[in-house]
Protein chains: 2
Amino acid sequence: MALVFSHTATDPVRLTDAMRSVFVELLVHGPLSRAEVARRLALSPSALTKLTRPLIEAGYLLEASGEEGPATVGRPSQPLQVDASRMSFAGIKLTADELFAVRTDLAATVQAETSRPLAGHDIDHVLGRITEAVEELTVPGRPLSGVGISLAGTATPTDPVVHTSPFLGWSQLPLAELVERAVGVPTVLDNDVRALTAVQQWFGEGVGHSSFALVTVGAGLGCGLVVGDRLVTGQSGATGLIGHLQIDDRGPLCERGHRGCARAYASSPSIRRSIATTIDRPDLTFDDCLALAADGHPVARRVLDEAGAALGQVVATVANLTGPELVVLSGESVHMYDVCAQAFHTALAAHTHWTARPVRVAVKPFAFNEWARGAAVTALQHLLLHR
Amino acid sequence: MALVFSHTATDPVRLTDAMRSVFVELLVHGPLSRAEVARRLALSPSALTKLTRPLIEAGYLLEASGEEGPATVGRPSQPLQVDASRMSFAGIKLTADELFAVRTDLAATVQAETSRPLAGHDIDHVLGRITEAVEELTVPGRPLSGVGISLAGTATPTDPVVHTSPFLGWSQLPLAELVERAVGVPTVLDNDVRALTAVQQWFGEGVGHSSFALVTVGAGLGCGLVVGDRLVTGQSGATGLIGHLQIDDRGPLCERGHRGCARAYASSPSIRRSIATTIDRPDLTFDDCLALAADGHPVARRVLDEAGAALGQVVATVANLTGPELVVLSGESVHMYDVCAQAFHTALAAHTHWTARPVRVAVKPFAFNEWARGAAVTALQHLLLHR
DNA sequence: GGCTTTACTTGACAACGCGAACAAATAACC
DNA sequence: GGTTATTTGTTCGCGTTGTCAAGTAAAGCC
């Protein structure tokens with residue numbers, strides 16, 4: 001089930017490790033000259049001529065001869081770039097009651113999307129909807145190179161099995177194997193937050209950073225870590241479980257009975273619930289609550305200040321412990337940042353260890369299909385690197 | 001300043017990457033047959049014959065032909081092991097008022113130790129005491145292969161500069177360069193907790209685990225992380241700063257004005273102070289306090305229960321975030337574990353994320369010279385792997 | 001005493017990447 | 001406007017590294 005690099009069926013390109021690393025370098029770091037790639041990978045210029053030739057001949061790399069850079073001394077360089085259209089990947093995010101799917105190219109650009117409601121969690125039903133979605137996304141005559149599936153729970157790309165998924169009620173389910181058999185395309189699983197981290201690592205804010213953290217806010221809180229250029233996968237895939245980090249011991253209750261945990265302060269359902277029940281307007285949406293806070297409504301203002309402060313403390317804890325170069329904020333409700341930035345940064349500074357440099361924080365707007373895109377990138381990354 | 005592998009001055013062994021990895025595998029994982037090393041490193045058996053021959057001829061590897069394993073079918077294997085006596089390293093731990101130093105062999109066995117009081121923190125004085133200690137530890141005619149220096153603060157082995165060291169009042173001090181010039185031996189710096197983590201990684205509880213965390217208790221709290229077989233070095237060397245992790249918001253004050261932070265609950269000075277002042281016996285030592293708690297004295301009992309609970313919460317936070325296979329407890333006051341194990345495990349279980357498997361915890365008794373030994377291992381690791 | 005199993009060694013060979021020499025394409029300089 | 005400097009990229013030969021296949025060694029099994 002190796003990723004096939006070929007221009008004709010009879011003449012496949014055999015990928016060596018060096019070719020792979022050149023390809024990934026060009027995919028992630030955009031058009032680069034051979035000379036530049038050679039420097040970055042500590043290879044000789046001649047090695048690059050040899051390594052790139054078969055990839056160019058097979059059409060996976062393009063000589064982007066068009067653009068001229070700023071005039072410089074010496075022979076002008078000839079930038080190479082990956083032809084992103086040469087492969088497609090499907091990414092599928094599973095939630096308790098719906099499935100979101102996208103098709104992306106090699107550069108993780110979304111080219112099609114779809115979704116399916118999930119009427120239940122029995123595997124045959126879910127498998128059926130996944131197969132439908134993949135078939136809908138597949139262009140006839142252009143088979144997918146990989147399928148990625150992400151979900152909340154413990155799963156890793158190295159392993160075709162969902163260890164546990166509380167919201168889907170699964171445990172030890174060999175989902176990747178089943179999907180792979182059903183759709184005939186190599187399939188990779190991963191935790192949803194880690195998948196989102198993979199997007200940032202190769203195609204987002206994390207590019208150029210060998211270690212960073214992604215903190216997500218939404219229905220829950222999550223955290224993905226990249227350390228030494230590697231996405232961290234804990235034992236059986238459990239990492240970044242910051243949702244129930246204790247913020248104080250007198251705050252609101254979360255649904256698992258923790259008083260004052262991060263989730264009780266900063267998840268979007270908690271924020272909405274706090275405001276809506278306190279001012280007795282059960283119809284308020286989360287975004288209504290943000291608008292109220294922006295307008296200075298005292299209850300909404302207070303709840304969002306507390307949420308921002310909780311988030312700041314979470315980010316400080318992550319930064320103190322792992323020392324990332326950067327923390328990226330994302331998730332369905334990152335836009336709450338605009339309403340609570342001050343409280344966030346105050347708490348972040350207060351909880352950053354006094355001997356540590358302040359960590360840089362980047363806020364990444366969240367697109368609706370980002371979770372599914374993450375799943376596609378997981379597949380892409382894992383199939384490019386490990387097969 | 002590369003580490004020299006030679007049996008005569010005229011015939012040095014040029015270490016290739018593969019030879020290095022074989023050597024390290026044998027150093028860390030004890031006597032192994034060639035066949036076993038080949039399997040572990042994904043090399044062919046013939047490669048191992050070739051790679052080990054020069055190392056055996058030069059005397060760095062020994063054929064431990066003596067011991068017989070359990071009788072098995074096939075030709076018996078011929079275990080190889082590193083001759084630990086072939087190199088020595090000095091390790092030095094700097095504190096605000098003293099310097100502890102050890103000499104170890106390649107297997108990190110301590111063979112000599114010494115110390116010096118530090119009358120001040122000006123670099124010439126400290127450099128003088130370091131040089132004295134190194135000279136005292138050096139056996140005439142057997143030069144050291146490396147010197148490691150560890151201290152509280154931000155420093156990394158890749159960098160000869162102490163970025164900041166609050167307790168010594170240093171910042172941006174090129175200590176490794178200065179020591180290297182003074183004693184004529186390659187010198188490596190690192191943070192003290194990371195150095196201790198290196199010991200566990202290669203010669204302690206961490207052997208065989210690709211990811212684990214070390215949590216230390218003593219005058220402060222610290223944490224070192226190994227992720228994917230690599231010791232984590234944050235930006236400019238700041239990681240594992242768990243000392244001021246908030247436990248609750250009504251507890252004791254720490255010296256930086258945090259209420260209820262981990263340090264205020266679980267550091268040995270805080271524990272001693274809480275008990276000694278409350279029962280008005282300022283002469284009590286930390287160990288007296290442990291004894292009181294063990295005897296059931298209500299004040300001491302309560303303080304140690306709270307300390308154990310704080311430590312449990314810290315370990316849970318580390319485990320939730322990074323998903324280690326194992327957490328090792330160590331530090332000058334780990335023996336407090338015996339008096340507060342129950343509170344520790346209760347808090348650990350309560351704060352472990354509900355979807356995560358319980359993490360395994362190993363308690364590692366702490367020897368007096370362990371900090372200095374850590375510095376020696378830092379030197380050994382860095383010089384073996386990166387030069 | 002063969003047979004099987006596993007460990008290790010040997011020598012031929014393939015591949016990978018480097019160095020050196022060279023061609024190409026530009027700016028800088030006189 | 002020609003020469004020089006500079007940088008990119010290519011070609012070719014070579015050394016290194018590690019694999020493969022074949023063979024040797026040393027045990028237990030029957």
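Everything numeric in this text was worked out from a predicted model, so none of it was measured. Each chain gets a letter, A, B and so on, in the order the sequences are listed, and its residues count up from 1.
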### Message
I need the CG-C1' distance between A:L48 and D:dT7, as an integer number of Å.
### Response
15 Å

Check the interface with nucleotides 4-7 of chain C: list each N/O to N/O pair with the protein under 3.5 Å, or write none.
{"from": "C:dT5", "atom 1": "O2", "to": "B:G74", "atom 2": "N", "distance (Å)": "3.3"}
{"from": "C:dT6", "atom 1": "O2", "to": "B:R75", "atom 2": "N", "distance (Å)": "2.7"}
{"from": "C:dA7", "atom 1": "O4'", "to": "B:R75", "atom 2": "O", "distance (Å)": "3.3"}
{"from": "C:dA7", "atom 1": "N3", "to": "B:R75", "atom 2": "NH1", "distance (Å)": "3.1"}

#### Entry: Stepwise side-chain contact (heavy atoms from CB on, under 4.5 Å) test for A:E177 and A:E180
CA-CA 5 Å; A:E177 247 172 59; A:E180 191 161 324; 5.7 Å; no

### Task
Could you tell me whether the side chain of B:L26 reaches within less than 4.5 Å of the side chain of B:L32, counting heavy atoms only?
yes

### Rounded distance (Å) that lies between atom P of D:dT8 and atom CG of A:L32
12 Å

#### Entry: Minimum side-chain heavy-atom gap A:D190-A:T233 below 4.5 Å
no

### Task
Evaluate the side-chain proximity of A:L43 to A:L51: yes if any heavy-atom separation is below 4.5 Å, no if none is.
yes

### Message
Could you tell me how far apart A:E63 (CD) and C:dA24 (P) are, to the nearest whole angstrom?
### Response
16 Å

### Message
Under 3.5 Å, is there a donor on one side chain and an acceptor on the other for B:S211 and A:Q235?
### Response
no

### Query
Can you tell me how far C1' of C:dT9 sits from CG of B:L80, to the nearest Å?
14 Å

### Query
So, does B:R40 use its side chain to make a donor-acceptor pair with the main chain of B:E25 at under 3.5 Å?
no

### Task
For side-chain hydrogen bond (donor to acceptor under 3.5 Å, both in side chains), just list the numbers for A:T378 and A:R194, CA-CA rounded to whole Å, side-chain angles, deciding distance to a tenth of an Å, and then say yes or no.
CA-CA 8 Å; A:T378 289; A:R194 199 158 30 238; over 6 Å; no

### Summary
In 5'-to-3' order, the base (B), backbone-only (S) or no-contact (-) status of each nucleotide in nucleotides 14-23 of chain D, using a 4.0 angstrom heavy-atom cut-off, is ---SBBB---

### Message
With no hydrogens and no angle check, just 3.5 Å: does a side-chain donor-acceptor pair link B:S88 and B:R142?
### Response
no

